[in-house]
Amino acid sequence: MSDRIFQRIPSVNELLESPALKGLVERVSHHVVVGEVRSFLDNLRHEIRARAGELQVPHAGELAERIAQWIAREERPLLRPVINATGIILHTGLGRAPLARTAVDALVSVASNYCTLEVDAESGERTQRLACVERLLTELSGSEAALVVNNCAAATVLALAALATGRDVIVSRGELIEIGGSYRLPDVMAASGARLREVGTTNRTRVADYRQACGDETAALLKVHSSNYRIVGFCESASLADLVALGHQRQLPVLHDVGSGAFLNLARFGMADEPQVRVSIQTGADLVLCSGDKLLGGPQCGIVVGRRRLIQPLLQHPLMRAFRVDKLTLAALHATLGLLRSPERAEQEIPILSLISTSLENLRHRAERLAPQLAACDAVSEAQATPGEAHLGGGSTPEMPLPTWCIALAPAQMRLDQFARRLRIGSPAVFGRVQHDRIWLDLRTVFPRQDTELVRAVKQLSEVADTGESDPDDGPEERP
Ligand SMILES: *Cc1c(COP(=O)(O)O)cnc(C)c1O
């Protein structure tokens, strides 16, 4: 390959003289822009070498324009709001549960101010920072005591470290779960210092298996909700009630990791399998552990409710300090729990619950209204309202899809993956799913207030298509 093509690449100094980059130097910094220009040119030389001959080197002005766009894109804030049209309600990659308006207001009001985090305004004395949420958690779950840490994984480590270090915790082989984000129960247990004592087999574990494993070294019985999978067919597991009876007999605490933490009965929305925290306490579990940002619909946190004599050692353990939550989490959690005191208000105002409880008729209506508007966009050749299946996601209920309505789009000029990528990087950004040669926009996870934005996002695609921005094929794909 001739070196002439490389000679046609302008120098860094020449590029820096062009208006597009001059502006950026003033706004960002000379140092950063020079570094970015060099790295862009390196990539360009690399690409030329790889695609010898096919490529033209753009002239300096155009090249500078492209570099400026590239730098601007790299500079965008990392966390941007997106419209979730994937149909996965608790999408971990998209941040799980969005907060209720009142939770956001509560969070904002303490964010920029000092607040009564650990002082009692009345007496001026120091108080416990969890006191404000403990009252609501015990009321809603029917338990004696409660605490909050950074997430459910931390709650598990804390409970096991405080109650079972160096001793056995009995768990069924059918419940040794792995959830996304490298949470593997056996590893979490090892980190806590407790010894995992597996019983039963993958598909069948009886209460007799637990009983046989109980001995001098046993510290607790642990039941884990198999959030993201089901064992079907020839299978059996010990019920919580059976384990509670055994625990009482042997004076062993029974811990129940319910995962998604439903505080309301969601059976009428097709989620009969999700254990309710209150029911688990009623059945006699000594400690119940769950996440705050799954079905509770609050901020990321981990919740432990149960007997005061077992919560006490957790509060006093040094890890409690390491896993402690901040004022923002507590403010948002307190407001969310306040909404849960009234199931009707919770369904209307907690976003996760309002998405789950939206009627199919409502979704169909919106899909049929939006389809023609989307079909009229230049970037779209066909848009059809179509029934489909949404999912709870976030490590919960794998086999119980929620009925939904979607709009299935066929792009006019772009390939499907280009279309999906443009939607993701657009403004507003939209995440859909690619299925059967169409982009599916699932309305189960789109808030009604976002409907017009959704149309705007698709309308903009044809405009974005002409900016000459490079369109690498290796844009990251969404992962449910
Ligand atoms: C989701 C889940 C966890 C982990 O919760 P995080 O809050 O993400 O740490 C633990 N156990 C079960 C059963 C879960 O479903």
Side-chain angles (χ1 to χ4, degrees), residues 88-99 133 137 146-161 169 171-192 194 196 205 220-231 237 240 243 254-263 266 271 273-277 279-281 285 287-306 314 319-320 322-326 329-330 332-333 336-337 352 356 391-400 479-480:
I88 298 164
I89 295 177
L90 295 169
H91 197 303
T92 302
L94 300 182
R96 286 199 190 154
L99 293 177
V133 290
L137 282 170
L147 64 77
V148 180
V149 286
N150 196 39
N151 52 32
C152 188
T156 309
V157 171
L158 176 64
L160 296 176
V169 174
V171 189
S172 159
R173 290 201 166 90
E175 296 176 1
L176 294 174
I177 58 169
E178 168 165 339
I179 349 188
S182 66
Y183 177 107
R184 300 181 120 192
L185 185 64
D187 299 342
V188 170
M189 288 188 72
S192 76
L196 168 61
T205 306
L221 311 177
L222 173 63
K223 185 164 181 63
V224 184
H225 180 55
S226 59
S227 296
N228 49 4
Y229 67 98
R230 287 285 175 280
I231 297 174
S237 62
L240 179 63
L243 290 189
V254 175
L255 318 186
H256 192 195
D257 175 3
V258 296
S260 50
F263 277 74
L266 300 172
M271 274 175 273
D273 267 21
E274 283 302 322
Q276 269 185 84
V277 175
V279 172
S280 179
I281 290 287
L287 289 184
V288 180
L289 288 58
C290 71
S291 296
D293 57 346
K294 292 184 184 170
L295 286 175
L296 190 152
Q300 180 193 298
C301 61
I303 291 166
V304 185
V305 295
L314 271 62
L319 281 177
M320 182 65 207
F323 296 154
R324 140 178 127 176
V325 288
D326 71 336
T329 302
L330 284 174
L333 178 63
T336 310
L337 293 172
I352 287 299
I356 290 170
H391 291 271
L392 204 49
S396 48
T397 328
E399 292 218 321
M400 269 179 296
R479 208 162 20 91

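Counting starts at 1 for both ligands and their atoms, in listed order. Below, all heavy atoms of this structure are taken into account, side chains as well, without hydrogens, waters or symmetry copies. Because the structure is a prediction, the values reported are computed rather than measured.
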In short, Asp293 meets Leu90 closest at the heavy-atom pair O-CD2, 3.9 Å

Any side-chain heavy-atom pair from Val254 and Lys223 closer than 4.5 angstrom? no

Are Ile303 and Val277 close enough, and set up right, to give a side-chain contact (heavy atoms from CB on, under 4.5 Å), and what steps lead you there? CA-CA 10 Å; Ile303 291 166; Val277 175; over 6 Å; no

Please check if the side chain of Gln300 supplies one atom and the backbone of Asn150 the other of a donor-acceptor pair under 3.5 Å. yes

For ligand 1, indicate whether the residue Gln300 contacts it via side chain, backbone, both or neither (heavy-atom separation under 4.0 Å). neither

Test side-chain contact (heavy atoms from CB on, under 4.5 Å) on Val279 and Leu240; report intermediate values, then the result. CA-CA 10 Å; Val279 172; Leu240 179 63; over 6 Å; no

Counting both backbone and side chain atoms, is some N or O of Ile177 under 3.5 Å from an N or O of ligand 1? no

Short N or O distance, Gly259 and ligand 1, threshold 3.5 Å exclusive: no

List every atom of ligand 1 that sits less than 4.0 Å from any heavy atom of His225, numbering the atoms from 1 in the order shown and giving each element. 13 (C)

Quick note on ligand 1: atoms under 4.0 Å from a heavy atom of Ser291 include exactly 5 (O), 6 (P), 7 (O)

Just heavy atoms, cut-off under 4.0 Å: does Arg96 contact ligand 1 by side chain, backbone, both, or neither? side chain

State whether the shortest distance between N or O atoms of Ser260 and N or O atoms of ligand 1 falls below 3.5 angstrom. no

Can you confirm whether Arg173 is buried at CZ, in the sense that more than 12 heavy atoms of other residues, nucleotides or ligands lie under 6.0 Å from that atom? yes

